[in-house]
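Here the structure comes first, spelled out in C-alpha cells, and everything after it is commentary.
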Amino acid sequence: MRGGLDLGGTKIQAVVVDEDFRVLGKSRRPTPGEGGPPAVADALAAALADAAADAGVDPGALEGVGLGSPGAVDAPAGTVAEARNIPGWGEGAYPLAAALGERLGARVALGNDVQVGVDAEYALGAAKDSPSLLGVFWGTGVGGGIILDGKPWLGRGAAGEIGHMVVERGGARCPCGRRGCMEAYAGRGAMEAEARRQAGAGRETSLFQIMEQRGRVRLQSGIWARALKRGDGLATELIGRAVEALGTGIASAVNLLDVETVVIGGGLGTRLGEPYVERIRDAMRPHLFLDERPPAVRPAALGDLGGAVGAALLVA
Ligand SMILES: [Zn+2]
C-alpha cells in the first residue's frame, strides 16, 4: 500500500491505495490558513494518518507517500517555493518532503500538483488508451500538463502553462499581471473578481447570496454550479465567456501539438462535468485547423481524488 496527498489552496486530500491504485482509505481537511509551511506539514501528516486509519494501516507501514504540491517544486531536492495559493508560505524554498517524512516515518516523493493530476488521468483515468494528452485543470487558475508519446513534457520545468496562452491581445488583466491570458477569463479567481466588480456596480446576481448562505467567503465551484442551475444571468454570462476562452486556447494548443486526447479537470471542470465539456468542444471547433479530425475531449475520470491518486504514482 502507498499514500497520496494533494495539497491545494483550500483543502488537502489524502488517499491510501493498493498496488492497482484502488482507493482503500481517504480523508480530507482544510489547508491551514496560518502557521506557514510547518503547519501545512502537520496538516498533511494528519490527513494521511486519517486516510491510513480509514484503510486500516499504520502510516509507517506504507511503501511510501507521494505529495502533489503547488508552487515551484524541486522534486529531487524535496523542496517547495513560491506556493502563492498557500497562506503564509513566504519566499524561500521549504523542505516539505523531509518535514513530512519525519512526521509520518515514511518515505515522501514530491511532484508538481498539476503534473501528478495529468499523470493520473494518463495512467488510470480518461486518457489511459491514449499515447498523447493535454490535461487542462480549470479551477482557481487554469493549469495544464502535457504527455507526448507516453512521456511527460516538462520543457525547462515550466511547460503546460496553458492558462497564460493569449486568447485576446490587449484583453482582460490576468492574475499574472499580463493581459488577455485564458486564465483572465476562465480562472475562478479572475471570474470572481469580475463578478464582484459587476455586482458592486449594481448588477443583479444570486452568486454572493448563495456564497453567504453556504457560509463561504469565496465563489467556489459549487456556488457557480448552483447559480447556473438557477439561471443566474451574470453567472451564465461569465461561464460562457470562460468556455469561449477555454475553447480558443485549447484549440490553439491542439493545432500545435495534435494530441489524441484532451482531459478537462480541476474544481470547475469536475463540478460542471460533461455538459460543459461538450460546450468547450463546440467552442474549440471554429479554431481547429483540422476541424474534421478533432481530438477526444473528455472530463477527468478520477474527479476530486485524481491529484491524490496521481501523487501515489510518484512512489517508485
Ligand atoms: Zn496570465
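Whatever order the structure lists ligands and atoms in, that order sets their numbers, starting from 1.
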Taking distance alone, no hydrogens or angles, what donor-acceptor pairs closer than 3.5 Å link side-chain atoms of residues 153-181 to residues at least two apart or in another chain?
residue	atom	partner	partner atom	Å
R173	NH1	G177	O	2.8
R179	NH1	G171	O	3.1

S132: side chain to side chain donor-acceptor pair (under 3.5 Å) partners, not counting sequence neighbours: E260

Residue list, side chain to side chain donor-acceptor pair (under 3.5 Å) with E237, at least two apart or on another chain: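 E237 satisfies side chain to side chain donor-acceptor pair (under 3.5 Å) with R203 once adjacent residues are dropped.
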
Polar protein atoms (N, O or S) that approach the Zn ion (ligand 1) to under 2.8 Å: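 Listed by chain and number: H164 ND1, C174 SG, C176 SG, C181 SG.
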
Expected output: side-chain W138 to main-chain T270 donor-acceptor under 3.5 Å: no

Electrostatic pair R293-D258, nearest N-O below 4.0 angstrom: yes

Donor on one side chain, acceptor on other, D113 and S69, under 3.5 Å: no

